[in-house]
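Just below is one structure, and these are the notes that go with it.
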Amino acid sequence: MPPGSVESAWLLDDFKDPENAKHAAERLIKAVSEPFVLDGKEVFITASVGIALSSGASYESPEEILRDADTAMYRAKSLGKGRYETFDADMRASVIARLQLEMDLHRAIEHGEFTNFYQPIVSLSSGEIVGLEALLRWQHPTRGQLAPKEFIPVAEETGLIRELGWWNLREACRQMSEWRSRYPSCANLTISVNLSAKQFSEPTLIQGIKDLLTEFGLPPTALRLELTESTVMGDPQATVDMLEQMKAIGISLAIDDFGTGYSSLSYLHRFPLDTLKIDRSFISGIVDAKDISDSAEIARTILPMASNLQLEVVAEGIETSEQLAMLKGLRCKYGQGFFFSEPLPAAEVSSLLTGQLHWKPKHFSAASGKQ
Ligand code: C2E
Ligand code: MG
Ligand code: MG
């Protein structure tokens with residue numbers, strides 16, 4: 001329950017028509033939303049209501065009906081303030097699917113069903129791979145390969161993201177250490193790893209990273225951690241402390257999906273960061289006539305400011321030669337996206353790296369005009 005919120009359960013009986021429960025919820029929401037004065041100040045509050053109807057359902061205990069009303073209330077909250085929702089078969093199905101996913105995730109961690117895919121990060125001027133981002137994939141025994149959006153949210157909610165995150169970080173360090181030692185031309189490649197907010201606040205994080213770097217003989221400069229704006233915006237002082245400890249190890253730090261959160265560059269300059277990754281949503285609109293003013297304007301603003309703050313910029317989600325040309329025109333140095341390569345299994349990256357000196361992403365020469 002978020003701070004400042006109160007939960008209560010209301011038992012309404014003697015209803016002839018289930019619609020009456022909805023009318024009661026509407027009256028309750030309206031009554032609560034009236035502003036009132038507390039200590040001379042006008043206060044506004046909202047209510048979210050979840051309704052579970054006992055008629056037609058086979059409830060066997062009061063706990064069951066409370067549980068379903070609770071589920072409906074969280075659904076109402078997730079849809080916005082001042083709403084009500086009635087528990088229904090769809091909600092039951094999604095609760096069951098969520099529980100199943102949670103159980104599957106536990107099993108998957110035990111049985112090692114995860115792998116890392118790696119997506120090249122490319123120098124926009126030369127087309128060379130400068131680094132790789134490790135991205136989790138789950139080889140689910142019945143559902144096939146699952147992308148992070150299918151399981152990261154549940155892993156975050158349940159705290160399983162800690163274990164998953166450590167697995168991903170460890171495997172990424174191991175793999176990069178192997179690539180660096182096996183292919184001399186890759187000696188300067190970096191590995192980027194996404195760090196969730198829960199991992200960021202783990203007291204053992206710093207020591208854990210140090211141990212991994214030692215174990216795999218990986219220089220700290222080879223590791224880049226990606227954090228989202230919401231992760232670093234929590235408690236600014238604690239964030240500065242943590243980021244400084246990370247910088248003291250020698251690893252580099254990036255803000256992922258930049259532009260989608262509520263932070264501003266002026267705020268971020270307090271943090272010891274190295275890189276901003278401009279979110280894909282701005283890149284996709286950059287040459288689209290409808291969006292051109294907004295997205296191009298955002299990129300046009302971010303790039304010089306980032307450069308003033310001595311931050312490198314990586315454009316995420318480059319899909320077309322037009323987007324690439326526009327970004328190069330804006331002096332963006334690095335990029336990542338399907339135009340160059342989708343995230344690939346490690347073995348495919350190895351083949352790419354063996355031909356590293358000759359590797360030119362598909363269509364790159366045509367787009368850059370100076371290959
Ligand atoms: P992200 O870190 O922003 O990763 C980039 C995502 O954009 C990847 O999705 C990648 O496949 C996708 N992408 C890259 N280029 C393009 C493009 O040109 N077009 C389109 N449409 N998409 C592109 P993916 O692999 O599904 O990962 C999604 C997100 O899941 C990641 O976003 C990251 O936030 C999270 N994630 C992945 N692995 C981990 C992990 O190990 N730990 C944590 N905490 N989060 C992870
Ligand atoms: Mg990322
Ligand atoms: Mg991103």
Side-chain angles (χ1 to χ4, degrees), residues 105 108-109 113-122 124 129 131-139 145-176 190-202 205 212 223-232 252-261 273-288 302 313-324 327 334-345 348-349 361-364 367:
L105 262 179
I109 290 175
E113 293 170 13
F114 293 95
T115 48
N116 271 347
F117 272 35
Y118 297 89
Q119 188 178 35
I121 299 174
V122 176
L124 298 189
I129 302 174
L132 291 141
E133 177 174 5
L135 295 157
L136 271 172
R137 296 291 180 269
W138 177 5
Q139 201 53 47
Q145 191 185 83
L146 301 182
K149 71 170 185 316
E150 313 258 7
F151 59 88
I152 295 264
V154 174
E156 300 253 10
E157 274 172 49
T158 52
L160 285 169
I161 190 70
R162 288 196 193 89
E163 245 173 289
L164 213 47
W166 277 114
W167 182 87
N168 164 267
L169 181 59
R170 182 184 174 77
E171 177 57 14
C173 289
R174 188 202 61 74
Q175 184 63 68
M176 182 45 76
T190 58
I191 184 78
S192 296
V193 178
N194 297 284
L195 203 70
S196 74
K198 287 229 164 69
Q199 285 175 281
F200 187 66
S201 55
E202 261 185 295
L205 180 65
L212 280 181
L223 178 62
R224 169 166 304 181
L225 294 179
E226 297 190 1
L227 307 148
T228 61
E229 290 166 87
S230 57
T231 300
V232 296
S252 60
L253 301 169
I255 293 292
D256 204 354
D257 308 338
F258 184 72
T260 54
L273 301 167
D274 304 277
T275 304
L276 292 183
K277 298 188 76 176
I278 306 182
D279 189 64
R280 181 157 61 86
S281 55
F282 303 115
I283 308 306
S284 59
I286 207 166
V287 285
D288 175 349
I302 293 175
V313 174
V314 177
E316 297 190 288
I318 303 178
E319 292 183 353
T320 67
S321 54
E322 290 78 16
Q323 291 164 355
L324 171 63
L327 286 159
Y334 302 99
Q336 185 178 354
F338 296 171
F339 179 78
F340 302 108
S341 167
E342 293 186 6
L344 301 169
E348 283 183 44
V349 176
K362 260 186 294 173
H363 324 300
F364 189 78

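Order of listing sets the numbers, starting from 1, for every ligand and every atom in it.
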If you measure every N/O of [X] against every N/O of ligand 1, is any gap under 3.5 Å?
X	result
F339	no
F338	yes
E156	no
R280	yes
E316	yes

What do we get for [X] next to ligand 1 when only non-hydrogen atoms under 4.0 Å count, side chain, backbone, both or neither?
X	result
D257	side chain
I152	side chain
Q119	side chain
E133	side chain
T228	neither
L136	both
S196	both

So, E342 and Q119: side-chain donor and acceptor under 3.5 Å apart, yes or no? no
Does the side chain of S252 pick up a donor-acceptor pair with the side chain of R224 at under 3.5 Å? yes
Return the residue, atom name and 0.1 Å-rounded distance of the protein heavy atom closest to [atom].
atom	value
atom 35 (C) of ligand 1	P148 CB, 4.1 Å
atom 43 (C) of ligand 1	N194 CB, 3.7 Å
atom 31 (C) of ligand 1	L135 CD2, 4.1 Å
atom 11 (O) of ligand 1	P343 CG, 3.2 Å
atom 19 (N) of ligand 1	E319 OE2, 2.5 Å

For N168, take its heavy atoms, then give the atoms of ligand 1 lying under 4.0 Å from any of them. 41 (O)
Within 4.0 Å of some non-hydrogen atom of G317, the atoms of ligand 1 are 15 (N), 16 (C), 17 (C), 18 (O)
I'd like to know if the side chain of [X] reaches the main chain of [Y], judged simply by a donor and an acceptor atom lying under 3.5 Å from each other, with no hydrogens or angles considered.
X	Y	answer
E171	N168	no
Q323	T320	yes
T158	V154	yes
D274	L253	yes

Quick test of your reading of the model: are R137 and E113 salt-bridged, counting only N-O distances below 4.0 Å? no
Electrostatic pair K277:E226 at N-O distance under 4.0 angstrom: yes
Which atom of [X] lies closest to which atom of [Y], heavy atoms considered:
X	Y	value
G335	L124	N-CD2, 3.6 Å
A134	N194	O-ND2, 3.5 Å
E316	D279	OE1-CA, 3.3 Å
E133	D256	OE2-OD2, 4.3 Å
K198	I161	CB-CG2, 3.9 Å
S196	E156	CB-OE2, 3.9 Å

Listing by chain and number, which protein N, O or S atoms are under 2.8 Å from the Mg ion (ligand 2)? E133 OE2, N194 OD1, E226 OE1, D256 OD2
4.0 Å protein heavy-atom contact status of [atom], strictly under:
atom	value
atom 41 (O) of ligand 1	yes
atom 37 (C) of ligand 1	yes
atom 17 (C) of ligand 1	yes

Hey, could you give me the CG/CG distance between L164 and L105, rounded to the nearest 0.5 Å? 7.0 Å
Any chance you could measure Q336, atom CD, to I283, atom CD1, to the nearest 0.5 Å? 11.0 Å
Look at the aromatic rings of F114 and W138 and report parallel, tilted or perpendicular, splitting at 30° and 60°. tilted
Does G165 have a non-hydrogen atom less than 4.0 Å from ligand 1? no
May I ask whether R137 has any heavy atom positioned less than 4.0 angstrom from an atom of ligand 1? yes
In terms of its nearest heavy atom to atom 2 (O) of ligand 1, the top option of L146, I318, D256 is D256
From CA spacing to verdict: side-chain hydrogen bond (donor to acceptor under 3.5 Å, both in side chains), W166, E202: CA-CA 11 Å; W166 277 114; E202 261 185 295; 3.1 Å; yes
